[in-house]
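In this chain, numbering begins with 1 at the start of the sequence shown. Heavy atoms only: backbone and side chains are in, while hydrogens, waters and symmetry mates are out. Remember, it's a predicted structure, so these values are computed and weren't measured experimentally.
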Amino acid sequence: MNQKENFKYIIFLSIIGAIGGFLFGYDVAVISGTIEQVSKQFALDNVSTGWYVGCALIGSIIGVAFAGKIADVLGRKWTMLLAATLFTISAAGCMFVNSFEALIWARILGGMGIGVASVVSPLYISEVSPARFRGTLVTLYQLAITVGIVASYFANAKVLSWAMSGQFEEQWAKLVFQTEYWRGMLGLCGIPSFLFFLIIFFIPESPRWQISKNNLVAAERTLTQLFGAQEAQEQIENTKKSISNKEKSDWRILFQPGYRTALFIGMSLAILGQFMGVNVIFYYGPIIFKEAGMASQGSLDFQIVIGVVNVLSTILGMYLVDKIGRKQLVYIGVTGMFAMLIAIGAYFYLQFNNPNILLYLIIGYIFFCAISICVVIWVLISEMYPVKVRGLAMSMAGFSLWIGSYLIGQLTPVLLESLSPAISFWIFAVMCIPYLLITRFYVPETTGKSLEEIEDIWIAH
């Protein structure tokens, strides 16, 4: 390790950036514990239930559409502040809305926060990280997502136990945590959201963004604090050279030869990853387990087990991403996902009546998913684009991701009912094949390379 690196400070900034991932994970997964009660309270059919789940993803699509441009114009720091603001307002709104329509709007605001965070948080981490640890540090964002997911499961289980105990006397508390406990599940996200909002004021702007805006004094100060004076000067010169090699500083760079391939990779892997089924487990896990014969509390407990496995597997993926490389992880993980999805489909097709078997199969699926595509996608899309339009390019990849995620959230109730769970999971398995082919023939190995060296790969194409 470079003795001049302030590695503790680098980790600190990476953890702060990763809080956006925690909020992302909580907001995405908390919905699973609320679907049944919200559906009954507002008399939702399958299509309306899909809209309740999917509306936040519409917000995510809106968020990624403008997040990259804001990140490139105003900076990474202030764009993270915007995400924190959206999360906080959404949580408060969900807790006290008085109609289904208002709930939808509050969820859309939270989705916008997810979309913004999914662009700017890994982007910020990648730009304050040294090359040899960048993969591991960017995957802190994915780890934070998994921690947010499991935190939402624990929160849902706790709120459900409060609701069943009936211990509240104040009218608002009875409403939020007892009679309509879905409000408490959705609203608790406001606490970490507001803390994220406060702490962002105490971190520096991304030095690479500062260089792109010719704010060299501030960039040198930040880089010196991160890497030492000598490395700071080298990074400034390398980044300036990289920027000067670009004739334009707008979206047209992305359609130049070479960068077109990078854009195709980011967008295609992002959307295909959603059609391989992982969010079906996170959105509709309790419903799937109930179909397998579990009661409400038991299905939430199973969901917690899945969330913990997801966290532990992500930690393993973080260790491996800079050890064995991005592509090798994809080969191992997606192959395992394919096998598990085939087996889950067979479980439903053969009508086994043992929820424990289903749990083991889903745990295997989550393990392979967490060590591979969930880790690798955020690393790839945060490191493969030119600095001047990195935020915009990540927005386009994120846009694809959230389009796929919305379609899965919206269509899953219909798929499970009309095609059966078995056929649905086999369709997800088929989607693993193009993911492997794109990785094999189009994705370069970027492990250990600086952001500027990765840009040179695309220029050479």
Novice: For Glu234, I'd like to know if atom CD has over 12 heavy atoms of other residues, nucleotides or ligands within 6.0 Å.
Specialist: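 Yes - once you tally the heavy atoms of other residues, nucleotides and ligands closer than 6.0 Å, there are more than 12.
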Novice: Under a 3.5 Å distance rule, please check whether Thr34 uses its side chain to pair with a backbone N or O of Ile31 as donor and acceptor.
Specialist: yes
Novice: Any side-chain heavy atom of Phe428 sitting closer than 4.5 Å to one from Met337?
Specialist: no
Novice: Crowded around Phe194 CZ? As in, over 12 foreign heavy atoms under 6.0 Å?
Specialist: no
Novice: Taking C-beta and beyond as the side chain, do Met318 and Leu143 meet within less than 4.5 Å on heavy atoms?
Specialist: yes
Novice: Within the supplied structure, the quantity of interest is the number of heavy atoms (other residues, nucleotides, ligands) at a distance under 6.0 Å from Lys327 NZ; does it exceed 12?
Specialist: yes
Novice: Report, as yes or no, whether the 6.0 Å neighbourhood of atom OH on Tyr319 holds more than 12 heavy atoms from other residues, nucleotides or ligands.
Specialist: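 Atom OH in Tyr319 is not packed in, count stays at 12 or less.
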Novice: Using the side chain to side chain contact (heavy atoms under 4.5 Å, CB included) definition, which of the options Val443, Leu320, Ile377, Val321 pairs with Arg326?
Specialist: Val321
Novice: Would you say the side-chain atoms of Gln37 pair up with the backbone N or O of Trp182, donor to acceptor, closer than 3.5 Å?
Specialist: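 Flag set: sc Gln37 to bb Trp182 pair under 3.5 Å.
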Novice: For residues Asn156 and Ser32, determine if any side-chain heavy atom of one lies less than 4.5 Å from a side-chain heavy atom of the other.
Specialist: yes
Novice: So, do Lys77 and Leu81 sit near enough that their side-chain heavy atoms are less than 4.5 Å apart?
Specialist: no
Novice: Tell me whether the count of non-hydrogen atoms from other residues, nucleotides or ligands lying under 6.0 Å of CZ in Phe201 goes above 12.
Specialist: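 Yes.
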Novice: Going by heavy atoms in the side chains, are Ser121 and Met80 under 4.5 Å from each other?
Specialist: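 A side-chain contact exists here, since the closest heavy-atom pair is under 4.5 Å.
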Novice: Could you tell me if the ring centre of Phe196 sits under 6.0 Å from that of Phe87?
Specialist: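 Centroid distance Phe196-Phe87: not below 6.0 Å, so no.
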Novice: Please work out whether the ring planes of Phe96 and Trp172 are parallel, tilted or perpendicular, with thresholds of 30° and 60°.
Specialist: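 Correct class here is tilted.
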Novice: Could you verify whether a donor N or O on one side chain and an acceptor N or O on the other, from Glu220 and Gln233, lie under 3.5 Å apart?
Specialist: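 Yes, Gln233 and Glu220 have a side-chain donor paired with an acceptor closer than 3.5 Å.
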Novice: Answer yes when Arg76 and Glu205 have at least one side-chain N-carboxylate O distance shorter than 4.0 Å, and no when they do not.
Specialist: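 Not counted as a salt bridge, because no side-chain N and carboxylate O are separated by less than 4.0 Å.
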